[in-house]
Amino acid sequence: MTRRILVRGGTVVTAADSAPADVLVVGEQVSAIAAPGAHEWAVDADRVLDATDRYVLPGGVDIHTHMELPVSGTVSSDDFETGSRAALIGGTTTIVDYAGQERGGSLREGVRRWHKRAEGRTCTDYGFHIMVTDVHDGTLEEMAALVAEGISSFKLFTAYPDTNYCDDAQILRAMQRAAALDATIMMHAENGIAIDVLRDQAIARGETEPIHHLTSRPPSLEAEAVHRVVALAEVAGCSLVIVHISSADAAWAAAEGRVRGLPVFAETCPQYLVLGIEDVPDGFEAAKFVCSPPLRWRRDGHQEALWEGVASGRVDVVATDHCPFTWQQKEAGRGDFRRIPNGLGVIEHRLDLVHQGVVDGRFSASRWVEACCTRPAKLAGLYPRKGSLAPGGDADIVIYDPGAQRRLSAASHHMRVDYSVFEGLAVTGAVETVLLRGQVVVDNGEHVGSPGDGHYLPRGPNALVASGVAAKPALGPAT
Ligand code: URP
Ligand code: ZN
Ligand code: ZN
């Protein structure tokens, strides 16, 4: 018989509002939501979960992760099993990971490799974007087939000239193709050509410590790249997401495109909200904090601007860019910061860290849910199946204690990385119970599911384009 679970006595928080309500789950889906106690559901429930004094929210959707990503001669330390387990414990039930194209290789081959890594091992539901590092006629041809298979977004880079960079001609052609296919371009926007000049000049001056990674990637070169790719997307007529925005300058550049009515969307990450260069330790230990774009000075107002962007909705979503490396892996860059693998371990803490915006009175619990669950699901073409709590949607549910007090630490986290960039940080709030398609997979903070519980999710077009942000017509024909 189909299993019935009643989540009783909590405050249901959705992107629209917060209200006391009970949730009935039948099988894999939410069946009904009703005023507390105004029904007889408890009588024939197989299990009743008490959510008194707790929030009940849709499972988190993290649309920017990198499991087992090859970087700088090594591979990010969380695989699909360990990384998605940590995600689940942190209240994220869906991830969208970036499959990678090898330069000279096909997109299809990259996607095939990622399916092989994820299938049967992933604890959350999952989908893929693909990182396009080589735009040529063959790549453009392949994009249509991938969109038809549910890979509806493509990441391009104006950074990393040696490995991932595309020039403006390649970017424009890929954007035109995306526009024709109703697909979305995800953009890593930093001016990598100029940054590499600054980086190599720093090394030539003997500035080889990790802190010089952070200071050789200035905010103005992030904002310049955002301006440029917004202009290219306007010409192509495609929807564009600026991923991992780290600075006030870049956030404003993206917002400017939006103010002009373009389908330009902004993503930031918890690390840019809560960490500043002020928090980075002296010496080589700073390697733990090396990522791109880098952390920014708090004294220059970047964190405030990003929190403000999340509160106002100008920053649409918070994803993690989860890409951890162990201390031993980071050691590869001792004596030359250019060799430090870029990336941080964050996936477990996204809901908690963004919840601090609610605790601090910056925005409502609804906006928290919108930024971490609903808008990411819409942007990734997974809504309303994911990112909402509504009858007919997947029963991905988080029971959250908004008053729990704790400190983040590598000693208690579940990510496969032997330090935490958030070590000792006090947070208010904790995930207690998580359901994935109606199955309890986290119980009292412990993972009780299995690797392979997660299903692959084919994705549709970016639903935020249709839901209010006007797309301007393309200025030129798509090829
Ligand atoms: O430093 C970072 N962000 N590493 C992950 C790869 C990327 O650019 O998103
Ligand atoms: Zn990136
Ligand atoms: Zn990334």
Side-chain angles (χ1 to χ4, degrees), residues 62-78 83 87 95-103 110 114 126-133 153-166 171 184-192 195-196 199 210 213-214 216-217 221-222 225-226 229 240-247 250 254 265-273 275 277 280 286-296 317-326 329-330 332-333 337-347 350 376 379-380 415 417 421:
D62 188 345
I63 60 170
H64 191 154
T65 72
H66 299 288
M67 307 303 174
E68 303 177 49
L69 179 71
V71 174
S72 307
T74 185
V75 177
S76 58
S77 56
D78 260 324
I95 63 170
V96 186
D97 199 84
Y98 282 91
Q101 175 196 25
E102 273 174 14
R103 270 200 171 151
W114 251 254
Y126 62 96
F128 301 132
H129 317 273
I130 183 151
M131 300 189 276
V132 182
T133 55
S153 43
F154 300 84
K155 184 177 180 187
L156 299 170
F157 297 76
T158 59
Y160 308 138
D162 296 339
T163 49
N164 299 46
Y165 174 84
C166 288
I171 291 171
T184 292
I185 295 294
M186 317 294 287
M187 186 62 72
H188 180 135
E190 289 184 289
N191 184 328
I195 284 169
D196 274 11
R199 198 187 69 154
H213 167 90
L214 286 81
S216 62
R217 306 179 87 90
L221 293 183
E222 187 184 12
V226 174
V229 298
L240 173 68
V241 180
I242 310 295
V243 302
H244 51 41
I245 289 179
S246 68
S247 64
F265 304 93
E267 170 198 280
T268 192
C269 309
Q271 53 271 38
Y272 302 123
L273 291 167
L275 299 176
I277 299 182
V280 174
K288 294 175 180 173
F289 294 78
V290 165
C291 59
S292 296
L295 303 179
R296 305 297 185 184
V317 300
V318 183
T320 59
D321 193 13
H322 180 71
C323 191
F325 296 96
T326 63
Q329 290 176 297
K330 290 276 185 181
F337 68 79
R338 295 174 299 187
R339 289 207 268 271
I340 300 169
N342 285 204
L344 310 183
V346 186
I347 201 164
R350 185 178 63 117
L379 205 152
M415 300 177 285
V417 53
V421 290

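No hydrogens, no waters, no symmetry mates; every other heavy atom, side chains included, goes into these values. Atoms within each ligand, like the ligands themselves, are counted from 1 in listed order.
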Working for side-chain hydrogen bond (donor to acceptor under 3.5 Å, both in side chains), residues Thr65 and Asp97: CA-CA 5 Å; Thr65 72; Asp97 199 84; 2.6 Å; yes
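Among protein heavy atoms, the minimum distance from atom 4 (N) of ligand 1 is reached at Asn342 O, 3.2 Å. Nearest protein heavy-atom neighbour of atom 6 (C) of ligand 1: His66 NE2, 3.7 Å. Among all protein heavy atoms, the one lying closest to atom 3 (N) of ligand 1 is Asp321 OD2, 2.6 Å. Among protein heavy atoms, atom 1 (O) of ligand 1 sits closest to Ser292 N, 2.8 Å.
Between the side chains of Ser247 and Arg296, no donor N or O sits under 3.5 Å from an acceptor N or O.
The aromatic rings of His66 and His64 sit perpendicular, their planes meeting at an angle over 60°, well past the 30° parallel limit.
A donor-acceptor pair is defined here as one N or O able to donate and one able to accept, closer than 3.5 Å; such a pair exists between the side chain of Glu222 and the backbone of Ser246.
Of all atoms in ligand 1, listed by their number and element, those nearer than 4.0 Å to a heavy atom of His64 are 9 (O). Taking every heavy atom of Cys291 and a limit of under 4.0 angstrom, the matching atoms of ligand 1 come to 1 (O). Those atoms of ligand 1 with a heavy atom of His244 less than 4.0 angstrom away are 8 (O), 9 (O).
Separating the SG atom in Cys291 from the CZ atom in Arg217 is a distance of 9.5 Å, to the nearest 0.5 Å. The CG atom of Asp321 lies 5.0 Å from the NE2 atom of His244; values are rounded to the nearest 0.5 Å. Atom NE2 of residue His129 and atom CH2 of residue Trp114 lie 12.5 Å apart, to the nearest 0.5 angstrom. The distance from the CZ atom of Phe154 to the CD1 atom of Ile130 is 7.5 Å, given to the nearest 0.5 Å. Atom NE2 of His322 is separated from atom CG of Leu344 by 10.0 Å, given to the nearest 0.5 angstrom.
Nearest to atom 9 (O) of ligand 1 by heavy-atom distance, out of Met186, Lys155, His188, is Lys155.
Contact analysis leaves Tyr98 out of contact with ligand 1, as no non-hydrogen atom separation drops below 4.0 angstrom.
In this structure, the side chains of Ser216 and Phe337 come closer than 4.5 Å at one or more pairs of heavy atoms.
Atoms of the protein (N, O or S only) found under 2.8 Å from the Zn ion (ligand 3) are His64 NE2, His66 NE2, Asp321 OD1.
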